[in-house]
Protein chains: 4
Amino acid sequence: MNVRALPKHAVRGRGRPRSAECDTSIIEATLALLAEEGVPGLSMDALAARAGVGKATIYRRWPTKDALIVDALARLTDEPVHVSSTGTVRDDLVELAESVRRKGANSLASRIMPRLFAAGDNEELHRLYYERVIRPRRDRVAEVLRRGVASSELRADLDIEQTIDLLAGPIVYRTLVCSHHGVQLSRSYVESLVDTVLDGVRKR
Amino acid sequence: MNVRALPKHAVRGRGRPRSAECDTSIIEATLALLAEEGVPGLSMDALAARAGVGKATIYRRWPTKDALIVDALARLTDEPVHVSSTGTVRDDLVELAESVRRKGANSLASRIMPRLFAAGDNEELHRLYYERVIRPRRDRVAEVLRRGVASSELRADLDIEQTIDLLAGPIVYRTLVCSHHGVQLSRSYVESLVDTVLDGVRKR
Amino acid sequence: MNVRALPKHAVRGRGRPRSAECDTSIIEATLALLAEEGVPGLSMDALAARAGVGKATIYRRWPTKDALIVDALARLTDEPVHVSSTGTVRDDLVELAESVRRKGANSLASRIMPRLFAAGDNEELHRLYYERVIRPRRDRVAEVLRRGVASSELRADLDIEQTIDLLAGPIVYRTLVCSHHGVQLSRSYVESLVDTVLDGVRKR
Amino acid sequence: MNVRALPKHAVRGRGRPRSAECDTSIIEATLALLAEEGVPGLSMDALAARAGVGKATIYRRWPTKDALIVDALARLTDEPVHVSSTGTVRDDLVELAESVRRKGANSLASRIMPRLFAAGDNEELHRLYYERVIRPRRDRVAEVLRRGVASSELRADLDIEQTIDLLAGPIVYRTLVCSHHGVQLSRSYVESLVDTVLDGVRKR
DNA sequence: ACATAATCGAGACGGTACGTCCCGTCTTGTG
DNA sequence: CACAAGACGGGACGTACCGTCTCGATTATGT
């Protein structure tokens with residue numbers, strides 16, 4: 001747990017150790033360039049120049065531009081969501097779903113994240129992103145759901161994984177696929193979403 | 001309806017007309033290269049060589065590589081989903097959701113689609129993809145949902161758009177974001193998904 | 001004969017032909033950069049920028065920087081030496097030897113030539129330089145020597161090739177190896193050299 | 001006399017003294033790499049690795065790669081030429097010229113020497129090479145020539161420096177410039193050369 | 001004996017140049 | 001006009017070296 005998103009360092013050997021300042025200046029330059037110029041403007045040359053670093057210094061740490069982006073983005077994502085263990089399950093789910101929405105609404109993250117979702121080409125990168133970013137969040141939702149089952153607020157035969165999909169999927173899908181005309185999701189959408197997942201759409 | 005994904009042709013003018021053979025050989029070479037080499041292997045030079053075509057001939061038809069990919073992908077996507085107008089709403093929704101799942105399970109489409117979802121950079125491409133691929137499918141689901149409301153199978157205060165998100169979102173999300181270890185969704189997942197959307201997860 | 005020092009062109013094919021303007025602008029930029037910055041300042045990037053040309057355009061014509069330098073230098077070397085067919089052999093030899101000295105005294109050529117002499121690594125380049133620059137000059141001297149033998153000015157058992165070495169060798173050797181303290185050879189050195197080769201150093 | 005080509009050592013001070021083993025292993029690695037990979041293969045990184053030495057250890061001893069090469073080459077060159085002070089001048093000159101030829105015939109030296117002749121760019125290196133390698137050899141020839149003048153074997157008005165050029169120049173020139181198709185000079189060429197210099201080419 | 005100080009191997013560092021690949025445009029000759 | 005071929009200016013790529021700089025460990029010397 002709490003696995004920090006840092007470049008892998010060589011085994012502590014005999015030579016000069018890698019500079020931690022480089023790590024941070026590269027990550028910061030990455031985020032700055034992404035914010036200012038967008039993904040297409042993030043060339044390794046420009047990045048190295050911006051970070052005041054040789055290109056080799058970057059490649060010594062990250063094998064790929066995408067791997068670097070993952071780490072840089074993880075820095076942005078480290079926003080701990082507070083979930084009360086006393087309120088109703090409904091309120092906790094709203095809060096967790098809200099954190100997904102807010103991340104998607106963040107201009108920088110929402111511009112970069114799709115690139116990572118799209119990293120199906122790069123199996124390793126995709127796995128990394130899932131382990132480091134997606135899974136921890138899913139785990140937190142699963143926890144809340146299990147609490148709901150235990151307290152009989154939710155059905156006992158609940159499929160936990162699928163329910164997580166039902167909470168996160170629509171928000172991600174909307175943000176990525178249907179984000180035309182700059183429409184952004186509101187909090188009320190999220191609240192309504194949670195309620196619908198809880199009660200279903202069938203007439204009763 | 002049935003808008004074909006073809007390149008815009010010049011107004012019928014004086015000189016030699018554009019060859020239809022070029023259109024097809026380019027599209028076919030695009031799909032072949034994508035299937036064999038993946039997105040990174042689809043360079044315009046390689047494409048032209050593979051199609052036996054000059055690069056200018058491609059640019060004469062499509063302004064962008066992405067536009068070409070959209071058209072090529074649309075070719076793969078033109079699978080009309082049959083929806084009975086007699087069965088239950090539940091069965092129709094299952095059928096429509098299944099078509100989403102099948103598309104995602106297709107190895108080629110699932111490699112290219114993320115790129116299109118991620119096309120947030122390219123506003124125009126994103127709009128094009130939405131108009132040509134996403135919206136028609138959403139419209140069909142909306143139709144079924146409205147029928148369900150009319151027949152009192154579904155709640156009258158239903159948010160149609162959000163319900164579509166609830167049906168498509170989880171599948172897309174799972175396919176793109178959580179598709180680790182090669183796990184693929186099954187038909188039973190889709191059926192269960194539809195049932196959960198209909199009935200909710202709250203204990204009653 | 002009269003083999004021009006030009007980059008090899010592809011067989012006249014169907015595509016766009018190579019631009020002659022590029023040839024010249026590249027050669028000119030090469031000579032300019034060499035004159036201004038010297039050999040170490042002749043980077044392919046700087047050259048391309050100076051010539052207003054993409055790097056690929058250079059590599060399309062010359063496989064190596066050295067090959068390019070040979071061609072550029074050949075441009076400088078195309079100075080036809082006038083040899084009277086009426087004067088004495090001694091005067092003709094002085095004139096030919098003088099042209100060797102003058103070339104060595106030329107600041108640009110004398111800076112680059114050694115690099116080519118030193119191209120022993122690159123067998124092909126060395127051969128090229130010999131064929132294109134050295135041999136033609138040796139042939140002209142050989143001609144004069146044969147005339148001298150015919151007219152009984154020179155010994156009949158003369159080793160022509162070695163005599164050429166005796167005329168050119170000392171000048172080249174002095175220029176390259178002993179060119180310390182900026183000392184330059186004078187015309188009188190050349191005249192004295194020819195006379196010594198003719199008469200020998202032995203006391204008589 | 002017999003100035004050894006060794007790196008300058010720091011004044012005998014307090015800290016750990018420089019290891020003599022490093023000196024030799026670096027020089028040996030230099031010669032080995034030059035022999036195996038040629039000049040372009042002699043990178044400082046490769047050299048350090050081959051010598052089992054840190055790069056700083058090399059730079060602590062030699063300011064430049066070229067300076068190192070000079071020293072390494074001097075090791076190969078320290079072949080004392082024996083010149084009888086009793087034989088004829090002609091025989092002594094043949095022996096000295098032979099040593100020039102043999103050095104040129106040595107595959108390693110002949111690969112490196114041109115680089116040093118061509119060191120016109122690097123004034124300092126060139127001077128160093130001249131002082132350490134060229135001048136001593138010229139001095140020995142000058143000595144023999146002066147003896148010849150004294151003994152009336154040679155003309156009294158002899159230009160000593162130019163005569164040295166006449167003996168060494170042709171051999172060097174042939175070796176460097178005209179060494180095409182792997183032709184190598186023979187001893188008989190050298191003997192004939194000396195005789196021609198002594199007697200001239202003019203018919204008598 | 002022990003601190004001092006320069007050495008050692010290792011290798012990271014900021015840079016520069018390399019030669020290749022691709023992009024999107026332009027220029028040929030041939031239908 | 002369209003077409004195949006392919007050259008063009010430009011930009012980014014990832015690698016190789018350069019010469020300098022830290023590291024921790026080692027090794028003689030002068031106290």
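Computed from a predicted structure; not experimentally measured.
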Go along nucleotides 12-19 of chain F 5' to 3' and tag each nucleotide: B for a protein heavy atom under 4.0 Å from its base, S when only backbone or sugar atoms are that close, - otherwise.
-> SBBB-SSB

Of A:G15 and B:G52, the one whose closest DNA chain F nucleotide lies more 5' =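 The residue closer to the strand's 5' end, by nearest nucleotide, is B:G52.
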
Under 4.0 Å between a side-chain N/O of [X] and OP1 or OP2 of [N], yes or no?
X	N	answer
D:T57	E:dG9	yes
D:R14	E:dA6	no
A:R16	E:dG14	no
D:R61	E:dC8	yes

I want to check something: taking the side chain as every heavy atom from C-beta on, are [X] and [Y] in contact at a cut-off of under 4.5 Å?
X	Y	result
A:I69	A:L42	yes
C:E28	C:L31	no
B:D71	B:T30	no

Apply salt bridge (charged side-chain N to carboxylate O under 4.0 Å, His left out) to D:E36 and list each qualifying residue two or more places apart in sequence or on a separate chain.
->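 Residues passing salt bridge (charged side-chain N to carboxylate O under 4.0 Å, His left out) with D:E36: D:R50.
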
Answer yes or no: is there an ion pair linking B:R61 with B:D23, defined by an N-O contact shorter than 4.0 Å?
->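 Counted as a salt bridge, because a side-chain N and a carboxylate O are separated by less than 4.0 Å.
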
For C:A67, all residues meeting side chain to side chain contact (heavy atoms under 4.5 Å, CB included), sequence neighbours excluded =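 If we apply the side chain to side chain contact (heavy atoms under 4.5 Å, CB included) test to C:A67, skipping adjacent residues, the hits are C:W62, C:P63, C:T64.
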
Take atom [atom1] of [X] and atom [atom2] of [N], then tell me their distance rounded to the nearest Å.
X	N	atom1	atom2	result
C:D66	E:dG19	CG	C1'	15 Å
C:L47	E:dG19	CG	P	12 Å
C:R18	F:dA5	CZ	P	17 Å
B:L68	E:dG24	CG	P	11 Å
D:I58	E:dC8	CD1	P	11 Å

